[in-house]
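I have placed the structure first, in the form of structure tokens, so that the comments after it can refer back to it.
Convention: sequence-line order gives letters A, B, ...; per-chain numbering from 1.
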Amino acid sequence: MQINIKYFASLRELMGEASTQVDVEDNLSVNDLWQSLVTQKNVEFDTVMMAVNAEYVKPDYQLQPGDEVAFFPPVTGG
Amino acid sequence: MLIEIREQPFHAYDEINTYLNSLDISGQYGATASFVGSMRDFSEDKTVTGMTLEHYPEMTEKHLTKIANDAIQKWQLLDVLILHRIGKIEISDDIVLVATWSAHRKEAFESCRMIMEELKSTAPFWKKEETTRGSRWVEKNTAGF
């Protein structure tokens, strides 16, 4: 299934892209996807926050076809 | 309720007046609480000369609306105003405004504080500071409690 990915702030710079699309197997959690991405890119990132379709999700959220997944560092607004 | 992300500078207290004048709650509210966050010229040990605020456009307003609706429900608020800057920020610019209106002060105080703390810890904004020694992402917000 196809998943759309977005990165923000320092994580966007680390990954070298703001967005990408990936084809992944079924029954994948958002944390599984994150682990595979950091392995592919050979990067380390301590504290990542995860949202799917613009809402926070737990790491065990099961991805659905067409989901927009956002990965980003701890937020620093206000 | 009004929630807006602004690229242009705003004056927080003018915005409170303008918004309040647009409401029809005269005589109903006995308490207004507000928080205004503004841009400092220092951070940790460095001199800050400017800042850029990035956000996640598809998520930001939606998430702030959820925070505001939770507060309205919990404290029976009469109204809520949240404004937040993005883009290039200058020293002394107002960055964020949260204002709440209620019948009594307890609800206004507590809800304004809760909305601000939720915004600081969960709303998808990121600050990049320009300092006299180069630019850097702000890694985390200071604790509010």
Within the distance-only criterion (no hydrogens, no angle test), does the side chain of B/Trp126 pair as donor or acceptor with the backbone N or O of A/Gly77 below 3.5 angstrom?
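Not a single qualifying donor-acceptor pair exists.
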Given 3.5 Å as the limit, does a donor-acceptor pair link the side chain of A/Thr76 with the main chain of B/Lys127, or not?
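Pair found, side chain donor or acceptor close to backbone of B/Lys127.
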Do other residues, nucleotides or ligands put more than 12 heavy atoms under 6.0 Å from [X] [atom1]?
X	atom1	answer
B/Asp14	CG	yes
B/Phe109	CZ	no
A/Asp60	CG	yes
A/Gln21	CD	yes

Transitively linked via ILVMFWY side-chain contacts under 4.5 Å: [X] with [Y]?
X	Y	result
B/Leu23	B/Ile115	no
A/Val43	A/Val30	yes
A/Tyr61	A/Met1	yes
B/Tyr19	B/Val98	no
B/Val96	B/Ile16	no

Compare every heavy atom of B/Glu139 with every heavy atom of A/Pro74, then report the nearest pair and how far apart it is.
CB-O, 4.0 Å
Identify the two heavy atoms, one from A/Val75 and one from B/Asn141, that lie closest to each other, and give their separation to 0.1 Å.
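Closest approach of A/Val75 to B/Asn141, heavy atoms only: O-ND2, 3.6 Å.
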Quick check: under 4.5 Å, non-hydrogen atoms only, which of residues 83-92 of chain B neighbour chain A?
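Against chain A, the residues of residues 83-92 of chain B that fall inside the cut-off (heavy atoms, under 4.5 Å) are B/His84.
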Taking a cut-off of under 4.5 angstrom between non-hydrogen atoms, the residues of residues 61-81 of chain B near chain A are B/Lys62, B/His63
Within this structure, what is the OH-CZ distance for the pair B/Tyr56 and A/Phe72, rounded to the nearest 0.5 Å?
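Those atoms lie 7.5 Å apart.
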Run the side-chain donor-acceptor check on residues 45-57 of chain A: report pairs under 3.5 Å with partners two or more places apart or on a different chain.
from	atom 1	to	atom 2	distance (Å)
A/Asn53	OD1	A/Glu68	N	2.9
A/Asn53	ND2	A/Asp67	OD1	3.1
A/Tyr56	OH	B/Thr122	O	2.4

Please list, one pair per line, the donor and acceptor atoms closer than 3.5 Å that link side chains of residues 8-18 of chain A to other protein atoms, with sequence neighbours excluded.
from	atom 1	to	atom 2	distance (Å)
A/Arg12	NH1	B/Glu54	OE1	2.8
A/Arg12	NH1	B/Glu54	OE2	2.5
A/Arg12	NH2	B/Glu54	OE1	3.2
A/Glu13	OE1	B/Trp137	NE1	3.0
A/Glu13	OE2	B/Lys128	NZ	2.9
A/Glu13	OE2	B/Trp137	NE1	3.4
A/Glu17	OE2	A/Lys41	NZ	3.4

